[in-house]
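Worksheet: the structure to be examined is printed underneath.
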Amino acid sequence: MNNKLGFKTLRYETVDSTNAVLKALAEDGVEPGAVVTAKVQTGGKGRMGRRWESPEGGLWMSVLLETGSAFKDDKFGLLPLMAGASVATAVIMEHDLDASVKWPNDVMIGDRKACGILGELFRTDGRDMAVMGIGVNVNNKVRAANYEFSKVSTSICEELGRPVPLDTLETAILEELGFRMEQLESGESQKLLDDWRSLSSTLGRQVSVSTPAGEVRGLAKDIDDDGSLLIDTKGLLNKVSVGDCRHLE
Ligand code: BT5
């Protein structure tokens with residue numbers, strides 16, 4: 001299926017990880033714009049080797065992007081921000097829910113995680129590519145399930161009290177993503193950053209970010225041009241580019 005933005009979707013029943021499938025396809029010559037979806041992932045991946053639970057009912061998909069022109073100057077930190085803003089906007093437009101982006105890679109509904117994003121960069125055949133993996137809890141139960149993260153996560157159907165069609169949300173996310181890719185390719189990254197700021201539930205809050213260099217606590221002041229989080233710790237501004245962020249209040 002081709003949509004008007006040139007995404008071409010390949011649909012699978014069960015895979016280990018849509019990111020892994022799409023990366024292998026890219027190495028076999030599949031072009032950017034390819035999308036892989038699966039009904040179930042048996043080995044869904046989170047960041048840093050963590051597991052992403054992916055039973056039937058969720059939207060598990062990966063999108064292949066060429067990063068050469070849109071992510072100049074090593075602005076790869078914008079990738080998850082772009083995907084998060086796309087998902088949050090689609091969830092708000094389609095379902096009128098209180099969706100927001102939490103730095104760096106989560107989409108929240110209220111104060112619970114409803115979506116995670118995993119961007120993987122690689123180079124194949126002389127081209128710089130990214131696989132953007134997007135996992136949205138849609139019709140799968142999370143709050144009512146018995147995961148260790150059940151108390152801090154949710155799904156769209158649990159918020160609405162009814163199941164919703166997966167395909168309309170998928171289309172809306174891809175449209176938002178295509179629009180933001182075009183923005184970045186035409187050098188309008190400030191628009192993306194402003195969009196992210198207006199969707200953010202992180203900025204203006206006290207946060208604790210665990211980074212490879214230790215914990216950084218303070219007020220989340222802003223995001224930098226490369227997508228890093230700027231944290232004010234007692235008047236000292238810390239710039240954090242990777243880490244796990246907790247909202248403290
Ligand atoms: C993420 O990692 O949030 C990135 C998740 C990306 C998943 C998509 S699905 C399509 C594509 N294919 C893949 O293989 N992956 C991508 P991280 O920030 O590290 O969060 C992982 C943590 O979230 C886990 O350690 C759990 O605590 C929690 N978690 C796991 N499954 C969850 C779920 N379904 N909903 C909410 N939280 C979950």
Side-chain angles (χ1 to χ4, degrees), residues 7 9-26 34-65 77 79-84 86-88 91 99-122 129-159 166 169-170 173-174 177 202 207-212 227 229 240-247:
F7 291 120
T9 305
L10 302 159
R11 300 185 185 284
Y12 292 77
E13 291 287 319
T14 302
V15 298
D16 54 349
S17 152
T18 55
N19 270 28
V21 169
L22 185 52
K23 193 170 168 214
L25 288 169
V35 178
V36 163
T37 67
K39 286 189 179 158
V40 174
Q41 294 186 119
T42 52
K45 296 190 284 183
R47 293 177 307 149
M48 294 172 268
R50 292 186 285 234
R51 180 175 165 80
W52 182 258
E53 298 293 342
S54 320
E56 188 160 3
L59 179 57
W60 321 126
M61 71 173 176
S62 300
V63 184
L64 183 65
L65 304 172
L79 269 170
L81 271 54
M82 175 183 81
S86 301
V87 173
V91 170
S100 66
V101 286
K102 172 172 174 262
W103 189 88
N105 73 323
D106 294 345
V107 176
M108 313 291 283
I109 299 178
D111 57 3
R112 289 168 174 262
K113 177 165 170 167
C115 161
I117 288 155
L118 176 67
E120 296 183 84
L121 304 170
F122 60 102
M129 306 267 205
V131 165
M132 285 308 303
I134 297 175
V136 192
N137 296 321
V138 182
N139 295 323
N140 53 316
K141 293 223 171 18
V142 183
R143 293 173 80 133
N146 200 16
Y147 301 124
E148 88 276 12
F149 52 82
S150 285
K151 285 198 169 66
V152 291
S153 55
T154 191
S155 67
I156 290 175
C157 83
E158 287 176 305
E159 293 299 315
L166 278 179
L169 184 65
E170 181 192 311
I173 292 172
L174 288 176
L177 208 55
T202 299
V207 297
S208 161
V209 182
S210 65
T211 80
L229 187 63
V240 175
S241 57
V242 282
D244 280 320
C245 175
R246 252 181 336 120
H247 293 163

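Both ligands and their constituent atoms are indexed starting at 1 by order of listing.
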Does a salt bridge link Glu170 with Arg11, judged by any charged N lying under 4.0 Å from a carboxylate O? yes

Which one holds for Phe149 and ligand 1: side chain close, backbone close, both close, or neither close, with close meaning a heavy atom under 4.0 Å? side chain

Using a 4.5 Å cut-off on heavy atoms from C-beta on, say whether the side chain of Ile173 contacts that of Leu59. yes

Which atoms from ligand 1 have a heavy atom of Ser17 less than 4.0 Å away? 12 (N), 13 (C), 14 (O)

Could you tell me which atoms of ligand 1, counted from 1 in the order shown, lie closer than 4.0 angstrom to a heavy atom of Lys45? 5 (C), 6 (C), 7 (C), 13 (C), 14 (O), 15 (N), 16 (C)

Using a 4.0 Å cut-off to any heavy atom of Arg51, which atoms of ligand 1 qualify? 24 (C), 30 (C)

Between Val138, Asn140, Leu166, which is the residue that forms a side-chain contact (heavy atoms from CB on, under 4.5 Å) with Trp60? Asn140

Contact region, Ile134 to ligand 1, non-hydrogen atoms below 4.0 Å, reads backbone

Would you say the side chain of Val209 lies within less than 4.5 Å of the side chain of Trp103, judging by non-hydrogen atoms? yes

May I ask you to list the atoms of ligand 1 that are less than 4.0 angstrom from any heavy atom of Lys113? 1 (C), 3 (O), 17 (P), 18 (O), 20 (O), 23 (O)

Atoms of ligand 1 under 4.0 Å from any heavy atom of Ser153, numbered from 1 in the order shown, are 36 (C)

Met61 neighbourhood, listing ligand 1 atoms whose heavy-atom distance to it stays under 4.0 Å: 10 (C)

I want to know if ligand 1 touches Thr18 in the polar sense, i.e. an N/O pair below 3.5 angstrom. yes

What's the shortest distance from atom 2 (O) of ligand 1 to any protein heavy atom, and which residue and atom give it? Arg47 N, 3.1 Å

Using a 4.0 Å cutoff against the non-hydrogen atoms of Gly44, which atoms of ligand 1 qualify? 14 (O)

pair Lys39-Thr14: side-chain heavy atoms closer than 4.5 Å: no

Between the side chain of Thr211 and the main-chain N/O of Gly243, is any donor-acceptor distance below 3.5 Å? no

Does ligand 1 have a heavy atom under 4.0 Å from the side chain of Arg50, from its backbone, from both, or from neither? side chain

Closest to atom 5 (C) of ligand 1 (heavy atoms only, candidates Tyr147, Trp52, Trp60) is Trp52

Looking only at protein heavy atoms, identify the closest one to atom 31 (N) of ligand 1 and say how far it is in Å. Glu53 N, 2.9 Å

Looking at Asn105, which atoms of ligand 1 are within less than 4.0 Å of one of its heavy atoms? 1 (C), 3 (O), 18 (O)

To which protein heavy atom is atom 8 (C) of ligand 1 closest, and what is the distance rounded to 0.1 Å? Gly135 N, 3.6 Å

Do Arg47 and Pro104 have side chains that get closer than 4.5 Å, going by heavy atoms? yes

Are any of the heavy atoms in Ser54 under 4.0 Å away from ligand 1? no

For ligand 1, which part of Asn137 has a heavy atom less than 4.0 Å away: the side chain, the backbone, both, or neither? side chain

Check Val63, Leu118, Ile134, Val36 against Asn19 for a side-chain contact (heavy atoms from CB on, under 4.5 Å) and give me the one that passes. Leu118

Is there a side-chain contact between Leu25 and Leu64 (heavy atoms, below 4.5 Å)? no

Cationic N near anionic O, under 4.0 Å, Glu159 to Arg112: no

Minimum-distance protein heavy atom relative to atom 12 (N) of ligand 1: Gln41 OE1, 2.9 Å

Say whether, by atom type as modelled, one donor and one acceptor occur between the side chain of Asn105 and the main chain of Ile117 under 3.5 angstrom. yes

Quick one: does NZ or CZ of Lys113 land under 6.0 Å from the six-membered ring centre of Phe149, within 45 degrees of the ring axis? no

